[in-house]
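Notes follow once the structure below has been shown.
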Amino acid sequence: MASPELAAGDGSYNFHLRSLSAASRDSAAAADPASDPNLLESVRRVCEMCKEAKGASDEMVARAFPVMSKLFQRCAAAPTQSVASSGVLLLTILQFFLDFGEAVLHDADGSLRIFFRSCLSREFADPIVAERTLEFLIANKTKILSSFPTLIPQFFPLLLKLIASNGERLERKFSEVLPLMMSAGSFLPLFLSLMDLPMLVVALEKVERSSGTLIGSSIATIQKSAAPEMLLALMDEAYTGSAIEDAIGNAGSDDSGPLDLADPMFLDLLKDENDGIAAKHWTSPTISSTLQAAVNSPQSDRLKQSLKMAPRFLTLYFATALRDVNDSLLCALIPVVMSRYAAMFPDKVYSFEVRKRLSDFILAAFQRSPDIIALLKKPITDRLGEAHDNPAKTELALHLCWAIGEHGAGGKNRKDVARELFENLELLLYENLATSRLGLSQDTGFDPMGASSRKSSQARLLCFVVTAIAKLATFHNELLPRARVSLAKVGPNPSSLRNIKVARSRTSDRRVWQRACDYLGLLNEPAICLSVLGPSTAQGNGPGIVNWSEGGTKMVAHIPFYLLAEQKGAPIHDFSFDDLVPTE
């Protein structure tokens, strides 16, 4: 006896299956199979009936699978000129493949890739298809991670185009998918693509102005169509001697002009799949002219939204990296992060938000694994040498100086690394002492505050440098003599008034001079110096050494009182460290 689901009727399984079978065979509908609105409802009803059926479920799936597979192939192969969107229909059929693929021994990997390449590459800007795609990936993320782990990392550039086109409306759902994009092969390229999200919006808008709407046409197809023209131009140059126009030099010079699809920068930004290459053409003439045009013209709504979303996506990316990624990938990422610290979309608010997240990540990575500092000695010293180039690189140098001193250049057993980093800090200190300003290469123009700004930046950098020198010498005692010499050039021993006057003449900022004097005094008391300046993760035990985590239970009398406020003799008050160390 036939089950109720197989019985005749307009809402029956057989009725919907016959409708799908007719649509998959109809040659008249081959040009636009998704144009029939009843197809989507029939696919949904067949999926629901297969889930609800009990005894006849396997039979129903076996009968429906060939029809679904043929319909999927026909929709995916539909011409690009199709009027109706096939994205939602294909996603519904893909859900059937994932739910019942094991019953019919079907591997959905090929079908998923066909959807990304044939459908989503043309319809990523469609708001309905974009939202349904994210919902599909979220609903099936467990199965996709276990059965198709390389799928989402491979197509993350296409998903970034999806969010760049649709904006903040889909930010929450995209944030759920973002961690799925991270794998060993996509880890570095994904970071650079997130950094360049505003540039991706600019590139998409140039395509839209040049070729019309983004919906229904594959950018990859547009890119490939430029190849024959380039080949003919090269042949013409070879045989006739005529010169080819400098496309790269002219591209982007006029923001309203046609997009130069042969430019490598735009080819990289607009690609659909991850090629595993982390290099970006940030210094190309095209990107310079494009950025200049974007700065000089009013920002579109999509660009404004991308400037807000990108920092939040970077926050999620870094949090996932610190939680799940091993030290090898972190070592590969940190130099790339440092290289992009001063290279990003020129929007003040965006730059501030992104740099804050970059510096927080670098410091958090060093806190998690101090050994990384020793492994990255060369890129760190390179960035210290660029501290004079611009304010952004100066800010990066501040954070690196702090990390070097805080973590003892990577640990107690990293003496050679500590010595080399110490020498670089010395060089940075002497260079700033020998000049009256920081950033000699910067042209301040008519800015009346330029000189004072450079002076303040120099003083801030010197404070970090002298702190790092004192911390390194505290952790690596063999550096103490050199540290005393270095600090004496900034702020000599306070016991000599004549030397203090010399120090003031050398360094006009009292903060730097006072800090150097304080550190020279601390270096004469090794125990308390290790408590104050030593690494928080590797302090020893001994007389006078303070464990600050126990500050709430210690008394001031437990340390030499004359070190506090320069007073001698026994304390006259029993102050608790609660009065000195703030508690949570």
Side-chain angles (χ1 to χ4, degrees), residues 181-197 199 265 268 274-284 287 310-311 313-315 317-345 351 354-411 414 416-418 420-425 427-428 461 464 468:
M181 303 178 192
M182 300 174 65
S183 69
S186 66
F187 185 62
L188 295 182
L190 177 58
F191 163 72
L192 293 170
S193 296
L194 291 174
M195 286 284 296
D196 291 336
L197 185 62
M199 275 303 303
M265 173 262 175
D268 186 72
N274 173 34
D275 53 15
I277 300 176
K280 299 285 181 177
H281 305 276
W282 187 258
T283 57
S284 72
I287 197 167
F313 291 153
L314 285 171
T315 299
Y317 172 88
F318 289 140
T320 305
L322 291 171
R323 184 185 67 240
D324 299 335
V325 170
N326 57 37
D327 287 352
S328 297
L329 286 177
L330 287 183
C331 283
L333 176 62
I334 291 176
V336 180
V337 171
M338 293 191 292
S339 70
R340 291 302 302 269
Y341 203 87
M344 60 186 69
F345 194 86
S351 299
V354 170
R355 287 192 182 114
K356 182 178 185 302
R357 286 158 174 80
L358 298 184
S359 58
D360 288 348
F361 164 72
I362 292 174
L363 297 179
F366 289 154
Q367 178 70 31
R368 179 186 120 170
S369 303
D371 284 345
I372 293 179
I373 296 177
L375 298 175
L376 298 179
K377 175 192 64 178
K378 180 62 168 61
I380 289 175
T381 55
D382 290 343
R383 300 307 164 192
L384 291 179
E386 297 173 354
H388 301 275
D389 291 356
N390 56 55
K393 292 184 177 180
T394 301
E395 190 72 20
L396 176 60
L398 298 180
H399 295 296
L400 293 178
C401 288
W402 185 91
I404 291 170
E406 177 67 14
H407 303 292
R414 302 287 188 175
D416 291 340
V417 175
E420 294 185 41
L421 291 176
F422 186 90
E423 290 172 353
N424 280 272
L425 292 172
L427 179 61
L428 189 58
L461 177 62
F464 276 75

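Numbers for residues simply follow the sequence, beginning at 1.
- Using a distance-only test at 3.5 Å, with no hydrogens or angles considered, a donor-acceptor pair links the side chain of R368 to the main chain of L322.
- With hydrogens and angles ignored, the 3.5 Å screen pairs a side-chain donor or acceptor of S339 with a backbone N or O of V336.
- Counting heavy atoms from C-beta outward, L425 and F464 have side chains that stay 4.5 Å or more apart.
- Residues L314 and F361 fail the side-chain proximity criterion, which asks for heavy atoms closer than 4.5 Å.
- I372 contributes atom CD1, which lies 4.5 Å from atom CD1 of I334 (distance to the nearest 0.5 angstrom).
- Of the possible donor and acceptor atoms, none in the side chain of D196 sits under 3.5 Å from a partner among the backbone N and O of M199.
- When atom types are taken as modelled, the side chain of S369 and the backbone of D327 share no donor-acceptor pair closer than 3.5 angstrom.
- At a threshold of 4.5 Å between non-hydrogen side-chain atoms, the residues V354 and M195 count as touching.
- Taking both residues in full, the closest heavy atoms of C331 and L376 are given as O-CD2, 3.5 Å, listed atom of the first, atom of the second, then distance.
- When all heavy atoms of A403 and I373 are compared, the pair lying nearest together is O-CD1, 3.6 Å.
- Looking only at side-chain heavy atoms (C-beta outward), H399 and I362 stay at 4.5 Å or farther from each other.
- Taking CG of D360 as the start and CD of Q367 as the end, the distance is 12.5 Å to the nearest 0.5 Å.
- Side-chain contact, N274 with S186: no donor N or O sits under 3.5 Å from an acceptor N or O.
- Here the CZ atom belonging to R340 is positioned 11.0 Å from the CG atom belonging to L194, to the nearest 0.5 angstrom.
- Atom NE2 of H407 is separated from atom CH2 of W402 by 5.0 Å, given to the nearest 0.5 angstrom.
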* side chain to side chain contact (heavy atoms under 4.5 Å, CB included) between L363 and E406, worked out -> CA-CA 10 Å; L363 297 179; E406 177 67 14; over 6 Å; no
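- Taking the six-membered ring for Trp and thresholds of 30 and 60 degrees, F191 and F318 have ring planes inclined between 30 and 60 degrees apart.
- A distance-only check finds no donor-acceptor pair linking the side chain of R414 to the backbone of A374 [under 3.5 Å].
- The shortest non-hydrogen separation linking I380 to M338 is N-CE, 4.4 Å.
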Between L400 and F366, does a side chain to side chain contact (heavy atoms under 4.5 Å, CB included) hold up when you go through it step by step?
-> CA-CA 10 Å; L400 293 178; F366 289 154; 4.1 Å; yes
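- Contact between L428 and C401 at its shortest, heavy atoms only, is CD2-SG, 4.3 Å.
- Nearest heavy-atom pair across A332 and P335 is O-CD, 3.6 Å.
- The two atoms that bring L461 and A397 nearest to each other are CD1-CB, 4.4 Å, heavy atoms only.
- Checked by atom type and distance alone, the side chain of N326 pairs as donor or acceptor with a backbone atom of L329 at under 3.5 Å.
- In this structure, CG on L197 lies 13.0 Å from CG on L192, to the nearest 0.5 angstrom.
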* Does the pair M181 and Y317 meet the rule for a side chain to side chain contact (heavy atoms under 4.5 Å, CB included), with working shown? -> CA-CA 10 Å; M181 303 178 192; Y317 172 88; over 6 Å; no
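- Here K377 pairs with E420 in a salt bridge; the nearest charged N to carboxylate O distance falls below 4.0 Å.
- In this structure the side chain of S359 never reaches within 4.5 angstrom of the side chain of L396, judged on heavy atoms.
- Note that OG of S328 and CZ of F187 are 11.0 Å apart. Values are rounded to the nearest 0.5 Å.
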